K.L.:
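Input: one structure, supplied below.
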Amino acid sequence: MTNHIVLFEPLMPANTGNIARTATGTNTKLHLIEPLGFQLDDKHLKRAGLDYWDTVDITIHPNLEAFMQTLADTDELFLISKFADRSYTQANYQQQNHDYYFMFGKETTGLPEEFMQLHRELALRIPQNDQNIRALNLSNTAAIVIYEVLRQQGFPGLEMVHTYEHDKLK
């Protein structure tokens with residue numbers, strides 16, 4: 001079982017850098033679907049990801065169709081969208097023989113409407129007050145979703161406790 005964050009045509013390097021940092025810290029694979037709104041050597045992208053870029057498991061896909069062709073029959077794809085009727089907490093992410101993919105749309109327009117219509121049953125929503133904001137920040141949204149997934153899976157491969165030489169709580 002492997003978890004994957006998929007970014008459809010991301011525009012903002014800082015968001016992608018933050019998501020890359022979350023991905024490497026949670027043993028999650030990162031997929032970027034082109035075109036990107038920045039170069040992968042962008043200084044803002046690198047700054048947001050800090051010095052973790054060499055540990056990010058990242059795959060670049062030339063377009064949405066190419067990404068979709070990489071999915072296997074046992075893969076579970078979820079589309080994260082404010083337009084979904086079902087909450088991200090209502091899905092089960094615990095099947096051992098499945099990889100889980102969470103696709104997030106472009107910061108300005110989200111996922112393509114036609115694609116969303118074709119895969120309506122795969123859409124999940126993070127509850128929010130839609131009268132106060134248009135949408136949550138992309139990197140925050142990815143972190144919220146992946147940590148719910150990991151919680152359901154029992155945080156596999158992650159340290160629940162770590163002892164530090166200069167522990168501020170000791």
Side-chain angles (χ1 to χ4, degrees), residues 1-64 66-72 74-81 88-89 91-108 110-111 122 124-126 135-169:
M1 172 172 38
T2 303
N3 297 314
H4 304 257
I5 292 174
V6 182
L7 303 182
F8 173 78
E9 299 182 1
L11 295 172
M12 299 176 185
N15 279 337
T16 302
N18 287 332
I19 292 167
R21 187 175 182 172
T22 297
T24 199
T26 58
N27 303 320
T28 300
K29 295 185 178 192
L30 178 61
H31 300 260
L32 303 179
I33 299 174
E34 294 179 318
L36 309 179
F38 49 85
Q39 299 295 317
L40 287 176
D41 60 357
D42 186 294
K43 67 179 180 179
H44 299 292
L45 179 74
K46 298 291 187 184
R47 184 179 304 132
L50 292 175
D51 53 351
Y52 307 110
W53 275 102
D54 60 333
T55 62
V56 178
D57 187 346
I58 189 169
T59 304
I60 311 297
H61 303 274
N63 54 50
L64 181 56
F67 165 76
M68 292 298 288
Q69 291 175 358
T70 68
L71 297 177
T74 58
D75 291 337
E76 296 275 348
L77 174 64
F78 295 98
L79 310 178
I80 310 303
S81 171
Y88 74 107
T89 60
N92 179 348
Y93 313 113
Q94 300 177 58
Q95 293 182 301
Q96 294 296 320
N97 61 340
H98 284 63
D99 276 10
Y100 293 95
Y101 290 79
F102 302 92
M103 185 181 291
F104 299 84
K106 187 186 309 191
E107 288 96 336
T108 54
L111 293 167
L122 306 177
L124 299 175
R125 171 187 172 85
I126 295 175
L136 295 170
N137 173 273
L138 179 62
S139 62
N140 292 340
T141 302
I144 289 167
V145 170
I146 202 63
Y147 270 94
E148 169 60 16
V149 171
L150 292 166
R151 183 194 67 78
Q152 286 190 26
Q153 295 171 351
F155 298 102
L158 301 182
E159 293 182 51
M160 296 298 286
V161 176
H162 187 88
T163 303
Y164 298 91
E165 183 178 341
H166 301 288
D167 195 324
K168 295 179 180 183
L169 295 177

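Note that the structure is a prediction, hence the values are computed from the model and not measured.
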K.L.:
Under the side chain to side chain donor-acceptor pair (under 3.5 Å) test, which residues partner Asp99, sequence neighbours left out?
P.N.:
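By the side chain to side chain donor-acceptor pair (under 3.5 Å) rule, Asp99 matches His4.
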K.L.:
Among residues at least two apart in sequence or on other chains, which ones pass side chain to side chain donor-acceptor pair (under 3.5 Å) with Thr24?
P.N.:
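In terms of side chain to side chain donor-acceptor pair (under 3.5 Å), with neighbours along the sequence ignored, Thr24 is linked to Thr55.
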K.L.:
To the nearest 0.5 Å, tell me how far Leu79 CG sits from Arg125 CZ.
P.N.:
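Going from the CG atom of Leu79 to the CZ atom of Arg125 covers 15.0 Å.
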K.L.:
Could you check if a side-chain atom of Met68 sits within less than 4.5 angstrom of a side-chain atom of Leu77, using non-hydrogen atoms only?
P.N.:
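A side-chain contact under 4.5 Å exists here.
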K.L.:
Provide the closest heavy-atom pair for Ala91 versus Leu124 in the form atom of the first, atom of the second, distance.
P.N.:
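Smallest heavy-atom distance, with atoms named: CB-CD1, 4.2 Å.
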K.L.:
Minimum heavy-atom separation for Leu11 to Glu107, with atom names?
P.N.:
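What the structure gives for the nearest pair is N-OE1, 2.7 Å.
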K.L.:
Not counting sequence neighbours, which residues clear ring pair (Phe, Tyr, Trp, His ring centres under 6.0 Å) with Tyr88? List them please.
P.N.:
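Listed in chain order: nothing, the list is empty.
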K.L.:
Would you mind telling me which of Phe104, Tyr101, Phe102, Phe8 makes a ring pair (Phe, Tyr, Trp, His ring centres under 6.0 Å) with His31?
P.N.:
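Going through the options one by one, the only one that passes is Tyr101.
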K.L.:
Is the closest side-chain heavy-atom distance between Met103 and Leu122 below 4.5 Å?
P.N.:
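With C-beta onward as the side chain, the pair stays apart.
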K.L.:
Output all residues satisfying side chain to side chain contact (heavy atoms under 4.5 Å, CB included) with Thr28, sequence neighbours left out; order by chain, then residue number.
P.N.:
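Checked Thr28 against side chain to side chain contact (heavy atoms under 4.5 Å, CB included); matches are Asn3, Ile5, Ala23, Thr26, Ile146.
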K.L.:
Once rounded to the nearest 0.5 Å, what's the spacing between atom CD of Glu9 and atom NE2 of His61?
P.N.:
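The NE2 atom of His61 is 13.0 Å from CD of Glu9, to the nearest 0.5 Å.
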K.L.:
Would you check if Phe38 and Pro10 make a side-chain contact, meaning some heavy-atom pair closer than 4.5 Å?
P.N.:
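Yes, side chains in contact.
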K.L.:
Closest heavy-atom contact between Pro156 and Asn27?
P.N.:
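What the structure gives for the nearest pair is O-ND2, 4.3 Å.
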K.L.:
In chain order, what residues pass the side chain to side chain contact (heavy atoms under 4.5 Å, CB included) check against Ala66, with sequence neighbours excluded?
P.N.:
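Counting only residues at least two positions away or on another chain, Ala66 forms a side chain to side chain contact (heavy atoms under 4.5 Å, CB included) with Pro62, Asn63.
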K.L.:
Tell me the closest heavy-atom pair linking Ser139 and Ile19, and the distance in Å.
P.N.:
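Smallest interatomic distance, heavy atoms only, reads CA-CG1, 3.6 Å.
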K.L.:
What's the separation between atom CE in Met12 and atom CG in Asn137, rounded to the nearest 0.5 Å?
P.N.:
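These two atoms lie 8.5 Å from each other.
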K.L.:
Is the side chain of Asp75 donor-acceptor paired with the backbone N or O of Ala72 at a distance under 3.5 Å, no angle test?
P.N.:
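A pair under 3.5 Å: yes.
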K.L.:
Using the test side chain to side chain donor-acceptor pair (under 3.5 Å), find all partners of Gln152 that sit at least two apart in sequence or belong to another chain.
P.N.:
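For Gln152, the residues satisfying side chain to side chain donor-acceptor pair (under 3.5 Å) (neighbours in sequence not counted) are Glu148.
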K.L.:
Measure across Ile60 and Leu40 and return the closest heavy-atom pair with its distance rounded to 0.1 Å.
P.N.:
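Minimum heavy-atom separation between Ile60 and Leu40: CD1-CD1, 3.8 Å.
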K.L.:
Given side chains that start at C-beta, do those of Val145 and Phe78 come closer than 4.5 Å, heavy atoms only?
P.N.:
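Val145 vs Phe78: side chains apart.
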K.L.:
Do the side chain of Thr70 and the main chain of Phe67 share a donor and acceptor less than 3.5 angstrom apart?
P.N.:
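Yes.
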K.L.:
Surrounding NE2 of His162 (heavy atoms of other residues, nucleotides or ligands, distance under 6.0 Å), is the total greater than 12?
P.N.:
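It does: His162 NE2 has more than 12 such atoms within range.
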K.L.:
Nearest 0.5 Å please: distance from the CD1 atom of Ile58 over to the NZ atom of Lys29.
P.N.:
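The NZ atom of Lys29 is 12.5 Å from CD1 of Ile58, to the nearest 0.5 Å.
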K.L.:
Locate the shortest heavy-atom distance separating Tyr100 from Met1; write the atom from each residue and the value.
P.N.:
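Taking every non-hydrogen atom into account, CE1-SD, 3.8 Å.
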